[in-house]
There are 4 protein chains.
Amino acid sequence: MYNASNRSRSVLALARKPPTRKGPQLSPRKAPTQARARATVDAILRATARILTRRGYDGLSTNAIAQLAGVSVGSLYQYFPSKEALIRALVEQHVAELEAILTPDPSLLGQPLEVLARMLVKAMLEAHALDPALHRELLAAAEKVGVPQKQFIRSRGDVLVRALLEFYAPQLRPLDVELATFIIVGAMEGMELRITSEKPEWLTDERVVDELTTMLLRYVGHISVTGTGRRASS
Amino acid sequence: MYNASNRSRSVLALARKPPTRKGPQLSPRKAPTQARARATVDAILRATARILTRRGYDGLSTNAIAQLAGVSVGSLYQYFPSKEALIRALVEQHVAELEAILTPDPSLLGQPLEVLARMLVKAMLEAHALDPALHRELLAAAEKVGVPQKQFIRSRGDVLVRALLEFYAPQLRPLDVELATFIIVGAMEGMELRITSEKPEWLTDERVVDELTTMLLRYVGHISVTGTGRRASS
Amino acid sequence: MYNASNRSRSVLALARKPPTRKGPQLSPRKAPTQARARATVDAILRATARILTRRGYDGLSTNAIAQLAGVSVGSLYQYFPSKEALIRALVEQHVAELEAILTPDPSLLGQPLEVLARMLVKAMLEAHALDPALHRELLAAAEKVGVPQKQFIRSRGDVLVRALLEFYAPQLRPLDVELATFIIVGAMEGMELRITSEKPEWLTDERVVDELTTMLLRYVGHISVTGTGRRASS
Amino acid sequence: MYNASNRSRSVLALARKPPTRKGPQLSPRKAPTQARARATVDAILRATARILTRRGYDGLSTNAIAQLAGVSVGSLYQYFPSKEALIRALVEQHVAELEAILTPDPSLLGQPLEVLARMLVKAMLEAHALDPALHRELLAAAEKVGVPQKQFIRSRGDVLVRALLEFYAPQLRPLDVELATFIIVGAMEGMELRITSEKPEWLTDERVVDELTTMLLRYVGHISVTGTGRRASS
DNA sequence: AATGAATGAGATTTCATTCAT
DNA sequence: AATGAATGAAATCTCATTCAT
């Protein structure tokens, strides 16, 4: 289904994003080779995530990070040339996790749209259920730090949704694919954001999955087909 | 229709939010009674909004605000006990403006849902078209300053949408009103946010209004009814 | 003779240097209008000079300056946008003092070269006798901070010396004025620097004045003329 | 003439400076006995010189040095107990090179003063032409690190010039040898410094050599003698 | 009421030096 | 002998807030 194991095979033949050009000042300063170094970097990233979720971006100071990570500021700057780079690294790591979840299995493409849509919705919610607070903060922090939000998740979502709309076009009402994609991804993201900040427990609620799936299918004009992945869509 | 002139009459009998008297430290220090004082407060709020949109929350310093407003920092602190209070005041003002736009005319309630839905969508987009950048920044700033996002706009939207869902229930598919309200408002907000930051020109694009209206109506099961406010919904 | 009182009348009709283009980031942040502010600025500049002479450029930290000046770092940055700007300001003040000393009286131009040369040498030494240590440190600091050394004193010296060489040309051996000016000013400066750092007491020693004057006059081929300002030049 | 080959024979019987065994903390930590160690030390010194000229004293960090030298910081500290010691070592090496250039051949002492003076001037300029930038930076760095400038080069120049003044005294005007030596060396150094920083191309210009030689000879009263080393002195 | 000079804690970042491996 | 990860004091600069005038 949706998992990290098939990161390399893309069902829909979506082009992998290029190796992410890195400005010299913004990428991690050195790759930690020794075990100790690896542990340090991990501790720093973990501490950053923790503070971000606990105290928000404003409470995130390099000193605080170092302290919580149990290392010195110097060590932090040994691996990350700046606070910005540190956040970028965290974003990248987070995005990688999300992508692992959101990359569908190739075998799914033959499935009826209802099934696929439900899976997609569920995967999205699950992806955010990992660490909703972190996601929210990273979203805010990323922007300040110059990571365009598009890269964040949407790019993935956009490509995925567009591909689905095109593949299943015969079964759908006539759509302006561009606009529909924009709207679907926008609406989904908005939902996730709202659920995340107001009702995190819904991230794993099947009722919500159903309802969002229904919204999607109805929007694209897929009502007449009988049965969704779980129950009737009306 | 939807405009600032009927700020005082609430079509759908939505409860006015209480006069918002909060903690002693967070509300404006003194009610500006004289005209000059009122002007000063306005200047400060305007300056704050301006800097917020131009340079973001990080570029927003009390000294900069005072300077742009043409007053001294001392004066600023005479009217606002803290930066936080200042932002709260700005948020309140902004919310008031949005509400003015989003409060529908009583006579509309009899109209067919298609018409009302379209108006609602249009009003939402228009509301954000006022100053999308400010809206986005305020959204972020508000959170930092402790204004829960709910209060922001959603509470308004929630009440409104719930009322509509209940009023038009007979024409709709069976819905969990709570959940549907949450989803509709969340999706709409997500859309607005995305449009605002990625395609601001769409805030006034009729195609987008149509598409969102369609999404709404289809979601609530209002498909079979012929014609939306403007054109066929498929 | 040489003093601050005739700063505005330039004997040799030397063009005043233009108002010194100031980059926005490098000039003092605000002109202190209130008396208290003036005092603060003065204290800061004095403290800077003091630390510079006592502990050198490396011992010069903005915190140390503020502390010695008896103000807070914040105040320092209120008037000087950066450490660099602070040093620039100090340099300017110092240069102004030096120029006041080095600007000759118009009536001197008729005098025999021996007299003028001696006065020039004496003035140069006196100028540096003001605060030799500060001069030396400013010279080093200025470079790091981007003040071209030329501006420092040399520009003045160059123009002055060239003018003299041209005016008295008939009495001198044939000279490449350009080269000779460069050499004379360079040699004088080198002397000053060496005296300053190794034998500051010589800055006011008449024997040294005599010897340097002799060197100058002999170099330009003015030996045969009888009598210098004080005694025979050989 | 003046070259590195006769480093061991001192024409004018100038006392060699003692082997320089200073405070225990400031001299190289261990005498590198093995070839590899020698190579390491060389690499470190070369890297230091390089960074010094490329990025100045402020850009000189021990970590940067180690990296450029291709060794670890640890190794650097194995051979030099501190950054200060490292700079001292570099200064010493540089001074040794300069001395090699500035130590005249014994056979020259019989030559007419004009010839010798010209050679001296030329050798001085050539010495600095080796690496003017390095020289300038070392001059500044040395002071910070406590190497008194006297030791730097001047001591050499002083001894040399004093010896010449005494040897040729009969042909010169009556001089206070002490003072004259001080002045000559000071002026020469000042010139070098100025040329180095403002007109490095003049370091090898014969016109400049002539002019400085002329200045020297005229100053010491050697005018009447016909002909300098190259052309007439006026 | 208003002014704006002054405050100072705190943020980011650097770099000489140490020491476990 | 060599490595390079780790240290942490210290430097520059910002900005919300206070208070004497």
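Convention: sequence-line order gives letters A, B, ...; per-chain numbering from 1.
- Here Glu97(A) contributes atom CD and His135(A) contributes atom NE2; the two are 12.0 Å apart, rounded to the nearest 0.5 Å.
- The existence of a salt bridge linking Glu92(A) and Arg88(A) is excluded, since no basic side-chain nitrogen approaches an acidic carboxylate oxygen closer than 4.0 Å.
- Rounded to a whole Å, the CD atom of Gln78(A) is 19 Å from the P atom of dT12(E).
- Rounded to whole Å, atom C1' of dA16(F) lies 12 Å from atom CD1 of Ile87(B).
- The CZ-C1' distance, from Phe80(D) to dA1(F), rounds to 16 Å in whole Å.
- Counting all heavy atoms, side chain and backbone alike, Ala85(D) lies closest to Pro81(D) at CB-CD, 3.6 Å.
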#### Entry: Pairing pattern in dot-bracket form [Watson-Crick, G-U; both distances under 3.5 Å; | = partner strand] for DNA chain F
.||||||||||||||||||||

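- Look at CG on Leu76(A): it is 15 Å from P on dA5(F), rounded to the nearest Å.
- In terms of heavy-atom proximity, Ala43(B) sits nearest to Ala69(B) at O-CB, 3.6 Å.
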#### Entry: Audit row: Gln93(C), Leu90(C), side chain to side chain contact (heavy atoms under 4.5 Å, CB included) steps and yes/no
CA-CA 5 Å; Gln93(C) 179 182 287; Leu90(C) 195 60; 4.1 Å; yes

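- Residues of residues 44-58 of chain D having a heavy atom closer than 4.0 Å to DNA chain E, listed by number: Asp58(D).
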Acceptor/donor pairs from residues 48-68 of chain D side chains to any protein atom, 3.5 angstrom cut, sequence neighbours excluded:
unit_1: Thr48(D); atom_1: OG1; unit_2: Ile44(D); atom_2: O; d: 2.7
unit_1: Thr53(D); atom_1: OG1; unit_2: Ala49(D); atom_2: O; d: 3.2
unit_1: Thr53(D); atom_1: OG1; unit_2: Arg50(D); atom_2: O; d: 2.9
unit_1: Ser61(D); atom_1: OG; unit_2: Ala64(D); atom_2: N; d: 3.0

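- Nearer the 5' end of DNA chain F, as judged by each residue's closest nucleotide, is the contact made by Ser61(C), out of Lys83(B) and Ser61(C).
- Scanning residues 63-72 of chain D for heavy-atom distances under 4.0 Å to DNA chain F yields Ser72(D).
- The CZ atom of Arg136(B) sits 11.0 Å away from atom CG of Asp131(B), with the distance rounded to the nearest 0.5 Å.
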### Query
Hey, mind stepping through Asp42(D) and Arg38(D) against side chain to side chain contact (heavy atoms under 4.5 Å, CB included) and telling me if it holds?
CA-CA 6 Å; Asp42(D) 278 353; Arg38(D) 182 69 235 163; 2.8 Å; yes

I'd like a list of close polar pairs between nucleotides 19-21 of chain F and the protein, N/O only, cut-off under 3.5 Å.
none

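- Considering only side-chain atoms of Tyr79(A), the nucleotide from dA1(F), dA16(F), dA5(F) that sits closest is dA5(F).
- Distance check, rounded to the nearest 0.5 Å: CG of Leu76(D) to NZ of Lys83(D) gives 11.0 Å.
- Atom CG in Leu86(A) sits about 15 Å away from atom P in dA11(E), given to the nearest Å.
- The distance between atom NZ of Lys144(D) and atom C1' of dA16(E), rounded to the nearest whole Å, is 15 Å.
- Between dA5(F) and Thr40(A), no contact under 4.0 Å exists linking OP1 or OP2 to a side-chain N or O.
- Nearest heavy atoms, Tyr77(C) versus Ser82(C): CE2-CA, 4.0 Å.
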### Message
Please determine whether side chain to side chain contact (heavy atoms under 4.5 Å, CB included) holds for the pair Val41(A) and Phe80(A), giving the CA-CA distance in whole Å, both sets of side-chain angles, and the decisive distance to 0.1 Å.
### Response
CA-CA 9 Å; Val41(A) 167; Phe80(A) 304 96; 4.1 Å; yes

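- Between Ser75(C) and dA5(E), a side-chain N or O to OP1/OP2 separation shorter than 4.0 Å is absent.
- Note: Glu137(D) CD to Ile87(D) CD1 = 10.5 Å, rounded to the nearest 0.5 Å.
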### Stepwise side chain to side chain contact (heavy atoms under 4.5 Å, CB included) test for Tyr79(B) and Leu45(B)
CA-CA 11 Å; Tyr79(B) 294 109; Leu45(B) 287 173; over 6 Å; no

